[in-house]
Amino acid sequence: MDKFVIQGGKPLAGRVKVSGAKNAALPCMAASLLTEDVLQLENVPSLGDVRTILVLLRHLGVEANGGGGFLSLKAEKLKSFEAPYDLVRTMRASVLVLGPLVARFGRARVSLPGGCTIGPRPIDLHLAGLEKLGAEIALNEGYVEAKADRLKGARISFDIQTVTGTENLMMAATLAEGVTVLENAACEPEVVDLADLLNQMGAEIEGAGTPTIMIRGVEGLRRASHRVIPDRIEAGTFTVAAAITGGEVLIEDCRPAHLEAVTAKLQEAGVEVEVGEDALRVRSFGRPKAVNLQTQPFPGFATDMQAQFMALMAIADGRSLITEAVFETRFMHVNELLRMGADIKVVGNVAFVQGVPVLSGAPVMATDLRASASLVLAGLVARGRTTVSRIYHLDRGYEAMEKKLSAIGARIERVK
Ligand code: EPZ
């Protein structure tokens, strides 16, 4: 298993380009199941989760070709309607094929995802919504079995905002008979990007990006080509990399409007952030100030940025309270940060972070995607050498992170 070896203490300087958004590419790729025509995507990031969903789509019978950020997908006729456990287990977002399969083919057999290190992560809201649309749902041997003649539009109100739940049901509703209204829908930019793609395919969706989305069902969807939006979490991770090392970095090809809550917190912590059209310039002078934050659905502070920001607060001047209000147990990075000399106490879903002047390098272990990013960031500023093992977690959600960091001065290398 690969690991990263990082020599800390060097301020980052230079320019880095942001790749396409993992969490937009995944639902957009699943949308290929909604039509027999070709779906062309560009700016698709080359990372683990994209490779995993490609395996799944090909398993179903989708013709997939491309490379270098381009993908063309054609789901003319399928050879399977089943998403097997060994694939869904490695990537929960596989559940995104459920809505499209039921909507277009009237059947699907998708393994329940099981939990992961950041929480049980059920899909009860996905299933309740599909039932509302008229699907029959049964649970057998750890699989969801869904079938429907033709889905019928309905009013669906989510108890909690769910990103992939909103995406699954929005896709299913595009081919349902009549109108569907999703209430308390997720407002993330990735939901908007998927809605833009679906509308280009001939769907009739209004309100994406607001808590109320209306979908008027159509007979069928057609070919489209679409450029996936930039990854706001990768962009956010690089803003913290610049801040934590006391450097100056220009982050290009990003959408500043997608990470306003993060840039606002950086500015509150005394980091200079200059906002451009499609770039952010981050400059930091010395130790950041401690700030408090609470994760929230978009446009609040993204839960996917909590671990990264905690690494910054670990060296801040003062005490910060970090509340994780979206997932149940998203503090797996804390134990590893403690091994680097951080002073953090977790009580329930609040982490009390007492900033320390210096972290020290140490061998640490990644447990989930964003926790591993947090450990890399801590290693960039820690005194001495940090080795981060199990970085397959990181490779799921970042494209060539060590190459991008080295290009702006980080002393980091991948060791087999
Ligand atoms: C998406 O996951 C993202 N993944 C996650 O990013 C992100 O952390 C999360 O949204 C929150 O922003 C993708 O988009 C592929 P949720 P998702 O459904 O959709 C509960 C990363 O790092 N819930 O919005 O699975 C759930 O347990 C990943 O790239 C139910 O109770 O998250 C959680 O507490 C990690 N029942 C809360 O809602 C359901 O049916 C939000 O989860 C669905 C969700």
Side-chain angles (χ1 to χ4, degrees), residues 19-31 45 47-50 52-53 56 88 90-99 110 112-132 137 139 144 156-171 182 184-194 211 228-229 231-237 258-259 261-262 295-308 324-330 332-333 349 366-374 393-399 401:
S19 301
K22 164 177 90 79
N23 291 349
L26 297 175
C28 286
M29 290 165 71
L47 42 77
D49 277 5
V50 166
T52 301
I53 199 167
L56 172 57
V88 178
T90 55
M91 187 186 66
R92 167 191 158 72
S94 309
V95 73
L96 284 165
V97 302
L98 180 59
V110 175
L112 279 167
C116 70
T117 53
I118 64 178
R121 302 189 70 187
I123 57 168
D124 53 315
L125 301 177
H126 299 235
L127 304 181
L130 280 174
E131 279 180 330
K132 273 279 185 73
I137 304 278
L139 298 185
V144 172
I156 297 169
S157 178
F158 290 104
D159 299 348
I160 35 180
Q161 286 181 296
T162 159
V163 175
T164 49
T166 299
E167 292 164 347
N168 230 339
L169 292 164
M170 187 165 72
M171 286 192 280
L182 303 181
N184 196 24
C187 304
E188 269 68 6
E190 293 77 24
V191 172
V192 177
D193 200 41
L194 173 64
V228 169
I229 55 171
D231 194 312
R232 61 193 167 98
I233 306 301
E234 186 194 23
T237 305
H258 290 172
L259 58 157
V262 172
T295 64
Q296 288 295 336
F298 193 85
F301 191 97
T303 171
D304 291 351
M305 278 300 301
Q306 178 259 108
Q308 297 92 309
E324 173 53 60
V326 175
F327 284 108
E328 294 78 1
T329 58
R330 200 171 194 172
M332 301 297 285
H333 41 289
N349 69 340
T367 51
D368 60 84
L369 168 53
R370 306 304 175 183
S372 34
S374 163
H393 288 292
L394 190 113
D395 290 335
R396 288 187 48 181
Y398 289 94
E399 182 174 352
M401 182 188 250

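Residue numbers start at 1 and run along the sequence shown. Note that the coordinates shown come from a computational prediction; the quantities given were computed from them, not determined experimentally. No hydrogens, no waters, no symmetry mates; every other heavy atom, side chains included, goes into these values. Start at 1 and go down the list; that is how both ligands and their atoms are numbered.
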Which ligand 1 atoms are under 4.0 Å away from a heavy-atom of Leu125? 36 (N), 39 (C), 40 (O)
Are Glu234 and Lys22 ion-paired here, with the side-chain N under 4.0 Å from a carboxylate O? no
For ligand 1, note which part of Ala93 has a heavy atom under 4.0 Å away: side chain, backbone, both or neither. side chain
N or O contact, Thr303 vs ligand 1, cut-off under 3.5 Å: no
N/O donor-acceptor pair under 3.5 Å between Gln306 side chain and Arg330 backbone: yes
Geometry only, no angles: is Leu369 polar-contacting ligand 1 at N/O separations under 3.5 Å? no
What atoms in ligand 1 come closer than 4.0 Å to a heavy atom of Val326? 33 (C), 34 (O), 37 (C), 41 (C)
Can you list the ligand 1 atoms lying under 4.0 Å from a non-hydrogen atom of Lys22? 21 (C), 29 (O)
Consider every N or O of Glu188 and every N or O of ligand 1, then say whether any pair is closer than 3.5 Å. no
Side-chain donor/acceptor of Thr166 to backbone N/O of Ala186, under 3.5 Å: yes
Are any of the N or O atoms of Asp304 closer than 3.5 Å to those of ligand 1? yes
Answer yes or no: is there a donor N or O on one side and an acceptor on the other, between the side chain of Gln308 and the main chain of Ser374, under 3.5 Å? no
With the side chain counted from C-beta on, respond yes when Val110 and Ile123 share a heavy-atom pair under 4.5 Å apart, and no when they do not. no
Who's closest to atom 24 (O) of ligand 1 heavy-atom-wise, of Val163, Asp368, Ile233? Val163
Return the option from Phe327, Phe158, Tyr398 holding the heavy atom at the smallest distance from atom 33 (C) of ligand 1. Phe327
Atoms of ligand 1, numbered as shown, that sit under 4.0 Å from any heavy atom of Arg370: 21 (C), 22 (O), 29 (O)
For ligand 1, which atoms have a heavy atom of Ile123 less than 4.0 angstrom away? 39 (C), 40 (O)
Main-chain N/O of Ala325 paired to Asn349 side chain as donor or acceptor, under 3.5 Å: no
So, Asp49 side chain and Gly397 main chain: donor-acceptor pair closer than 3.5 Å or not? no
